[in-house]
Number of protein chains: 2
Amino acid sequence: MTAAPSGPSRSRRERPAKPALTRAGIIATAVALLRAEGLQKVTMRRLAQELDTGPASLYVYVANTAELHAAVLDELLGTVDLAPVHAGGDWRERILAVLTSYTAVLFDHPSLARSALLARPRGEHYLQLLEGLLSLLDEGGVPPGQAAWGVDVLLQHATATAAEHAGRDDEADQADWDAVARAVREVDASHPHLAAIGEDLLSGSPPERLTWGFRVLLNGIAYTPRTAKEKP
Amino acid sequence: MTAAPSGPSRSRRERPAKPALTRAGIIATAVALLRAEGLQKVTMRRLAQELDTGPASLYVYVANTAELHAAVLDELLGTVDLAPVHAGGDWRERILAVLTSYTAVLFDHPSLARSALLARPRGEHYLQLLEGLLSLLDEGGVPPGQAAWGVDVLLQHATATAAEHAGRDDEADQADWDAVARAVREVDASHPHLAAIGEDLLSGSPPERLTWGFRVLLNGIAYTPRTAKEKP
DNA sequence: ACCTGAACACCGTTCAAGT
DNA sequence: ACCTGAACACCGTTCAAGT
């Protein structure tokens, strides 16, 4: 080995000195690409280009595109604020805070929410989130069986709500609202209940509706037994 | 015009006598293609091939792929069984029947459920479904404001649950279950609540969990006011 | 063992040109 | 007005061949 003593500073001029491929490096680059250009650009081909290699090389470390996106999601879930789990105060407000933090992460990347709906997450950060939610439901006295199924429904509500926002801008929202409002106005006779409810169908801001949904679920989960059909 | 009297039986041998392009014809072909080969084959190019034309021709009738999929979905929603809306008996059981019928349609085509999550449906069949659900919630004495926001959450639960099943077979489900079960077993010390709940996290059949989710929502919607934060 | 170039089999959408 | 061929700018994944 005749390398210079002062580290591996080879003479070929590469901008960031092309690093060796590793799974961690690939995923880190994928996260950066997500932040910079959105999930639709996190493709095998584009990612390979970013890493200065060919797409085939990535398949040594990543099984396919779905697995890549799942890994990126778990990375992002590391930023969910779990502090409320061990804080004091009303357990309902604290679980709401955790769920809102989770939703905020997905709202920033709605296309990831979409992929979370398909490939059920099971990374380490996701397990930590589950643990936090279960701990709070336990503190609230929710029966374990209901808590076990309940966390799933809570996270599904958050994920689906975020996914719904994928690829929509204010303009699209406005067009949507107009279209439904027009439809509701036009169906007066044949759809009396729809007409009666009218624009209330679309009222409220997304956060208001999201939070109401969480409260609906928390109440329902706490009071709906798994086995029987009785009302609470 | 020197055509033979007996109709437009031109001499060129075309198998089903290539019909003129219409929006209805395009969507009907798309539905047939969906039923035969799944949504992943309902692409502009493949659909054009099926209609014996080029992809560009479709853009006269359909704005883009998303709009095409939305139209296909509304067509499918025509098969949802709305009979329970005007039947007798417990309103809870009847609304459960309608929601289950809706979910069954999406379970047959989970990839459509995925697209329903993105482009909020607003076709005629969807409006009829909304009307039926609102009518039943009204019959059950659910306050209008809660019903208006509630239908959304109920349909979202159904849609997201169906979407989750996209592209999974029994083998994938089993692998998933094994992976989570293993993960739960391994995190004993650091995730005590998760470990305590254990395999109950994944217990129950999909229909059992779906129905429990609907009951949770119905209870929550009926008893959770929109404005205040009080528990019911 | 890891990495690669090249290929296979596809996509959505646009546009100038035809009828 | 409607329809088309051809092009542009991409995809995921596999595989034989190299190091």
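The CD atom of A:Gln49 sits 12 Å away from the C1' atom of D:dA9 (whole-angstrom rounding). Between the CG atom of A:Asn64 and the C1' atom of D:dT14 there is a distance of 13 Å, rounded to whole Å. Counting to the nearest Å, the P atom of C:dT13 and the CG atom of B:Leu47 are 13 Å from each other. With rounding to whole Å, A:Lys41 atom NZ is found 12 Å from D:dG12 atom P. The nearest whole Å value for the distance from the CG atom in B:Leu58 to the P atom in D:dC2 is 14 Å. Atom CE of A:Met44 is separated from atom C1' of C:dC3 by 15 Å (rounded to the nearest Å). The separation between B:Arg46 atom CZ and C:dG12 atom C1' is 17 Å, rounded to whole Å.
Neither OP1 nor OP2 of D:dC15 sits under 4.0 Å from any side-chain N or O of A:Tyr59. Note on A:Thr53: every side-chain N or O is 4.0 Å or more away from OP1 and OP2 of C:dC3. Residue A:Thr65 places no side-chain N or O under 4.0 Å from the OP1 or OP2 atom of D:dC11.
Residue B:Leu21 has its side chain nearest to D:dT4 when only C:dG12, D:dT4, D:dC11 are considered. Of the candidate nucleotides C:dG12, D:dT13, C:dC2, C:dG12 has the atom nearest to the side chain of B:Arg45.
By the 4.0 Å N-to-carboxylate-O rule, B:Glu164 lies too far from B:Arg114 to be salt-bridged with it.
Considering only residues two or more places apart in sequence or on other chains, B:Asp108 meets the salt bridge (Lys or Arg N to Asp or Glu O under 4.0 Å) condition with none of them. The side chain to side chain donor-acceptor pair (under 3.5 Å) test applied to B:Ser57 returns B:Thr53, not counting sequence neighbours.
With both ends at atom P, the span from C:dA9 to D:dC10 equals 23 Å, rounded to whole Å.
Residue whose closest nucleotide on DNA chain D sits further toward the 5' end, between A:Gln40 and A:Ala56: A:Gln40.
Base pairing of D:dC11: no nucleotide in any strand meets the Watson-Crick or G-U wobble criterion (both distances under 3.5 Å). Across all strands shown, D:dT4 forms a Watson-Crick or G-U wobble pair with C:dA16, both key distances being under 3.5 Å.
Looking only at atom types and distance, the side chain of A:Gln156 has a donor-acceptor partner in the side chain of B:Thr161 under 3.5 Å away.
Not a single donor-acceptor pair under 3.5 Å links the side chain of A:His69 to the backbone N or O of A:Ser111.
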